[in-house]
Structures are given as C-alpha cells and as structure tokens.
K.L.:
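One structure follows; several queries about it will come next.
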Amino acid sequence: MAEEPVNVNGFRELARQTLPKMYYDFFTGGAEDQYTLKENEEAFHRITIQPKILVDMSSIDLSTMVLGYSISMPVMIAPTSRHKLANPSGEIATARAASTCNTIMVLSISSTCTLEEVAACCNAVRFFQLCVYKRRDITAKLVQRAENNGYKAIVLTGDSPRHGRREADIKNKIIIQELKNVEGLLSTKIVTDKGSNLDALANQTRDPSFTWEDIGWLKSITKLPILIKGVLTHEDALKALEVGAAGIIVSNHGGRQLDYCPPTISVLEEVVHAVGGKVPVFLDGGVRRGTDIFKAMALGAQAVLVGRPVLYGLAAKGENGVRRVLEMLKEELELTMALSGCSNVKEITRSHVRTKHDRQLLSLL
C-alpha cells in the first residue's frame, strides 16, 4: 500500500502509479524542451523569505477576497482540461472539493463534465475559462450558458492562438474524447495520422485572429467580469487595463504553450507594477508549496491558481485527493505565515522576500 503523501508533490508519484502512461504524460508534460515547465518551479527556489520574529502569532487568518467573493485561502483551482482522464467523477469531484475547502474553481472550456453538471453538483464559486472559437456564435452560447448557470466570471485565455508543441502527446499519439461543453454545437472528431489529435483539434477550432480589439465584443455579450489569463509583460498588463479587464492572471499556460518564455514568478512583479493596484493580479504556474504561495503574495499576487497538483490528487484519491491537496497547501501557508510574522494575508509584504535581483543589488552596496 502506497504511503500517504506528506506534501502535494507526493500525489504526483501516486498519480504516476495510478494513471495509464499516456494520460500521466498528458497531465505532466510541457512544450518542446520543457524549459519553462521546469523553470516555473525552479524560479521559486531562487527567492528567499525574510522572516520577522517575535510577532504575536496566536491567531492567523488566511482568508481573502477575489472579485468580492470571500475564500478561505489565497489559493484557487486553475482551469485544467479533461478531469475524467484522471478520475471517472471528473470535474464534479474537483468542484465538490473546492466547495468543501471554500475556494474558487475555474472550470476549463475543455472539461469532461458539462458546465451545467458542474454548476448543479455543489455551491462552489465558479469561474468559466474561455478560448474563443472560430465560430463566434458557439463562443457566445458558451458564455451565456456560464452566466445563466451562476458562473461569476469569465477567464479569457490569451496565449493560445495555436496549440503548443507537446512532444509526449505526439509520441503517444494521444486521442482524447469529445468535449462535453460543445457537444452538438461543434464537431470535435478529428482524424489525424500526425500524432496528437489535440493539436489538430485546437488548431482547427480556435480563432487565431482574436485580438485585444475583440474583447469589446466579448464584453458586449456578458455582464460577467472578464479576467485575462496569459499576461507576462508590462505592455500586455497595460493593454489589459485599457480594454477593461477585471483582473489579470500572470500565466504561461503551465509551460505548455511557448517554451523558453519566462517562469511566471519571475515576471509577476513587473505586471503588478504596471497595474498599479487598479485590478487584482493572480499567478499560476509552478506553485507546489505554501512557501511558493507566500512568495507570490509578497511580490503582489492577490491569490494563486493551482493546476497539476489538483489533477494528481484527483487521479490518486478522487475528490478526497483534491481536498487534501488544497488542505496541505493551506496548512503549509499558515505555517509559513506564522514563522514569518504575518497574522493575515495583508501583512505579507515585499519586505518579506528577497529575489536574485535584490541580492545582486545588495552585493553592490
């Protein structure tokens, strides 16, 4: 019998033992050389924490607000696709774990349960992640269905005009079942002899011409706030403000799109400075520890989103596995805050971390 994991990384090994190799590779893999995939985690290791000692830590509050919704900790579930490949209960199990832990789940447009099924299964606050299809009428129907079913925000993925080159999927010739949310609206039966049918599916259906100018159209079809996911630069952060984004997610798609783009934690502060507090900034990519969450908060993130660890927990132990992953991250963050002298998330400040750049500057003094 496998040992109970002591941290979220332990769930990765359980998932590897549980899943068919093709599906494990699908969840774990990144683009091309996987430089960005690895750096998303490694870049956190280069940031140190500067604790404040002899502070009253008898009570610690991890709760925070996201777009007006109170959640128990600054950790949300990132949009990841095809949860039924990890567990037969799919996104329903993930949503129920989010509800139990009182946090927000972002449902992927490429979910294997419909957005209606997920909405009906529990009371979790849910956002809906959107890729824009060439068929704008289908995109509009999906947005309207999300709004009608109580989703509280649209998360627009901006970094995927084409599908990243994920070589493990190509080698495995992965074939994925049809997407439930577009069943009856869009044919997703793609036959290809060139490896992964994911590449062919994404490139045949998504609209590569969608630009900043088109966000006005998206705003015209919904009353929901729109968060833009995939921002990595000062320039794009300013554009997101110009088009009226309600929030920004600093993300490189978990290292699955453009390889050799920067790890997200390394550009978070650049985006935060560009935004200047006008809208909240969130981060995903490489978060595996409570210390990672603390570092992101110190560099200006309002919360983080976690993707792969949730899938590993789901694969290993279903709904309970997802819940345990979230609980572990919460417990680790609480301990980090206690040992760093922060009794609530607002007390986590820039002075609590030192980056590689900070150390270089100090060496010049």
K.L.:
Is there a donor-acceptor contact under 3.5 Å linking the side chains of Q302 and T64?
P.N.:
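No.
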
K.L.:
List for me each residue that meets side-chain contact (heavy atoms from CB on, under 4.5 Å) alongside H357, sequence neighbours excluded, and say none if there are none.
P.N.:
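Expected list: T355, Q360, L361.
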
K.L.:
Membership question, hydrophobic clusters at under 4.5 Å side-chain separation (ILVMFWY): are M76 and V8 in the same one?
P.N.:
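They do not share one cluster, since no chain of ILVMFWY contacts under 4.5 Å joins V8 to M76.
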
K.L.:
I71 and side-chain contact (heavy atoms from CB on, under 4.5 Å): which partner among V125, L62, T103?
P.N.:
T103

K.L.:
Who are the salt bridge (charged side-chain N to carboxylate O under 4.0 Å, His left out) partners of D214, not counting sequence neighbours?
P.N.:
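Expected list: R136.
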
K.L.:
Test S111 against every option in T80, N181, T94 by the side chain to side chain donor-acceptor pair (under 3.5 Å) rule and name the one that passes.
P.N.:
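One option only clears the test, and that one is N181.
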
K.L.:
Working to the nearest 0.5 Å, report the span between CZ of F27 and CE of M22.
P.N.:
12.5 Å

K.L.:
Salt bridge (charged side-chain N to carboxylate O under 4.0 Å, His left out): which pairs involve residues 61-70, sequence neighbours left out?
P.N.:
none

K.L.:
Look at the side chain of T139 and the backbone N and O of Y133, then say whether any donor-acceptor pair between them is shorter than 3.5 Å.
P.N.:
yes

K.L.:
With sequence neighbours excluded, give me every salt bridge (charged side-chain N to carboxylate O under 4.0 Å, His left out) pair touching residues 45-59.
P.N.:
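For residues 45-59: E39-R46.
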
K.L.:
Examine I60 and M328 and state if one hydrophobic cluster contains both, with Ile, Leu, Val, Met, Phe, Trp and Tyr joined whenever side-chain heavy atoms are less than 4.5 Å apart.
P.N.:
yes

K.L.:
Taking only residues two or more places apart in sequence or in another chain, which ones pass ring pair (Phe, Tyr, Trp, His ring centres under 6.0 Å) with F294?
P.N.:
H352

K.L.:
Mark yes or no for whether R82, through its side chain, and F26, through its backbone, hold a donor-acceptor pair below 3.5 Å.
P.N.:
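Judged by distance alone, no pair lies under 3.5 Å.
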
K.L.:
Checking E270 side chain against T233 main chain: does a donor-acceptor pair fall under 3.5 Å?
P.N.:
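No; zero donor-acceptor contacts below 3.5 Å.
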
K.L.:
Could I get the full list of ring pair (Phe, Tyr, Trp, His ring centres under 6.0 Å) partners for Y69, not counting sequence neighbours?
P.N.:
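Y69: no ring pair (Phe, Tyr, Trp, His ring centres under 6.0 Å) contacts found.
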
K.L.:
Measuring from I265:CD1 to L283:CG, what's the distance to the nearest 0.5 Å?
P.N.:
5.0 Å

K.L.:
Is there a continuous path of hydrophobic side-chain contacts, each under 4.5 Å between heavy atoms, that joins V243 to I226?
P.N.:
yes

K.L.:
For L37 and G29, which heavy atoms make the closest approach, and how far apart are they?
P.N.:
CD2-C, 4.1 Å

K.L.:
Between F11 and Y312, what is the shortest heavy-atom contact and its length?
P.N.:
O-CB, 3.6 Å

K.L.:
To the nearest 0.5 Å, how far apart are CE in M65 and OG in S63?
P.N.:
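Nearest 0.5 Å value for the CE-OG distance: 9.0 Å.
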
K.L.:
Apply the test salt bridge (Lys or Arg N to Asp or Glu O under 4.0 Å) to residues E331 and R324: give CA-CA distance (whole Å), side-chain angles for both, the deciding distance (0.1 Å), then the verdict.
P.N.:
CA-CA 10 Å; E331 289 160 6; R324 191 68 195 115; 3.3 Å; yes

K.L.:
Can you tell me how far the CZ atom of F128 sits from the CG atom of L156, to the nearest 0.5 Å?
P.N.:
11.5 Å

K.L.:
With salt bridge (charged side-chain N to carboxylate O under 4.0 Å, His left out) as the rule and sequence neighbours excluded, what pairs involving residues 112-127 come up?
P.N.:
E116-R145

K.L.:
Quick check against the 3.5 Å criterion: does S99 have a side-chain atom that pairs as donor or acceptor with the backbone of R96?
P.N.:
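No; judged by distance alone, with no hydrogens or angles, the pair does not exist.
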
K.L.:
For the backbone of R359 and the side chain of R354, can you confirm whether one donor and one acceptor N or O come within less than 3.5 Å of each other?
P.N.:
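No; judged by distance alone, with no hydrogens or angles, the pair does not exist.
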
K.L.:
Can any side-chain N or O of K278 pair as donor or acceptor with the backbone N or O of L241 at less than 3.5 Å?
P.N.:
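Here the side-chain-to-backbone pair does not exist.
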
K.L.:
Give the minimum heavy-atom separation between L227 and A153, together with the two atoms involved.
P.N.:
CD1-CB, 3.8 Å

K.L.:
Any donor-acceptor pair under 3.5 Å linking the side chain of D207 with the backbone of V132?
P.N.:
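Not a single qualifying donor-acceptor pair exists.
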
K.L.:
Do R165 and Q257 pair up side chain to side chain, a donor and an acceptor below 3.5 Å, judged on atom types alone?
P.N.:
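Per modelled atom types, R165 and Q257 side chains form no pair under 3.5 Å.
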
K.L.:
Test of understanding: with side-chain contact (heavy atoms from CB on, under 4.5 Å), list the residues that count as partners of A240, not counting sequence neighbours.
P.N.:
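Expected list: W212, I228, A245, I248.
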
K.L.:
Are L67 and P280 side-chain neighbours, meaning at least one heavy-atom pair lies under 4.5 Å?
P.N.:
yes

K.L.:
What distance do K330 atom NZ and S72 atom OG have between them, rounded to the nearest 0.5 Å?
P.N.:
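So the NZ of K330 and the OG of S72 are separated by 4.0 Å.
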
K.L.:
What are the two closest non-hydrogen atoms of M73 and C101, and how far apart are they?
P.N.:
CE-CB, 4.3 Å

K.L.:
Can you confirm whether S351 sits close enough to Q50 that some side-chain heavy atom of one is under 4.5 Å from a side-chain heavy atom of the other?
P.N.:
no

K.L.:
Show the nearest heavy-atom pair for residues L299 and V272, with the distance to one decimal.
P.N.:
O-CG2, 3.7 Å

K.L.:
Should V310 and I293 be counted in the same cluster of Ile, Leu, Val, Met, Phe, Trp and Tyr side chains packed under 4.5 Å apart?
P.N.:
yes

K.L.:
Going by the salt bridge (charged side-chain N to carboxylate O under 4.0 Å, His left out) test, which pairs reach into residues 146-160, not counting sequence neighbours?
P.N.:
none

K.L.:
Quick check: closest heavy atoms across R288 and E332, and the distance to 0.1 Å?
P.N.:
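Looking at all heavy atoms of both residues, the closest pair is O-OE1, 4.4 Å.
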
K.L.:
For atom CG of N9, is the number of surrounding heavy atoms from other residues, nucleotides or ligands below 6.0 Å larger than 12?
P.N.:
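Enclosed.
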
K.L.:
Will you find, in the side chains of D284 and S251, an N or O donor that is under 3.5 Å from an N or O acceptor?
P.N.:
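Yes, S251 and D284 have a side-chain donor paired with an acceptor closer than 3.5 Å.
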
K.L.:
Do we see a donor-acceptor contact under 3.5 Å between the side chains of E91 and T112?
P.N.:
yes

K.L.:
Sequence neighbours left out, what passes salt bridge (charged side-chain N to carboxylate O under 4.0 Å, His left out) with K346? Give chain and number order.
P.N.:
none

K.L.:
In terms of relative ring orientation, are Y260 and Y35 parallel, tilted or perpendicular, with 30° and 60° separating the classes?
P.N.:
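Answer is parallel, since the angle falls under 30°.
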
K.L.:
Run the salt bridge (charged side-chain N to carboxylate O under 4.0 Å, His left out) test against R323 and tell me which residues pass, sequence neighbours left out.
P.N.:
E327

K.L.:
Of all residues at least two apart in sequence or in a different chain, which pass the side-chain hydrogen bond (donor to acceptor under 3.5 Å, both in side chains) check with S340?
P.N.:
none

K.L.:
Can you tell which of V66, V106, L268 makes a side-chain contact (heavy atoms from CB on, under 4.5 Å) with F282?
P.N.:
V66

K.L.:
State plainly whether the residues E242 and K239 are in salt-bridge range, i.e. N to O under 4.0 Å.
P.N.:
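No.
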
K.L.:
Could you measure the distance from the OG atom of S110 to the NE2 atom of H83? Nearest 0.5 Å is fine.
P.N.:
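The OG atom of S110 sits 10.5 Å away from the NE2 atom of H83.
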
K.L.:
Taking a hydrophobic cluster as the set of Ile, Leu, Val, Met, Phe, Trp and Tyr residues connected by side-chain heavy atoms closer than 4.5 Å, whether directly or through intermediates, do F127 and M105 fall within one such cluster?
P.N.:
no

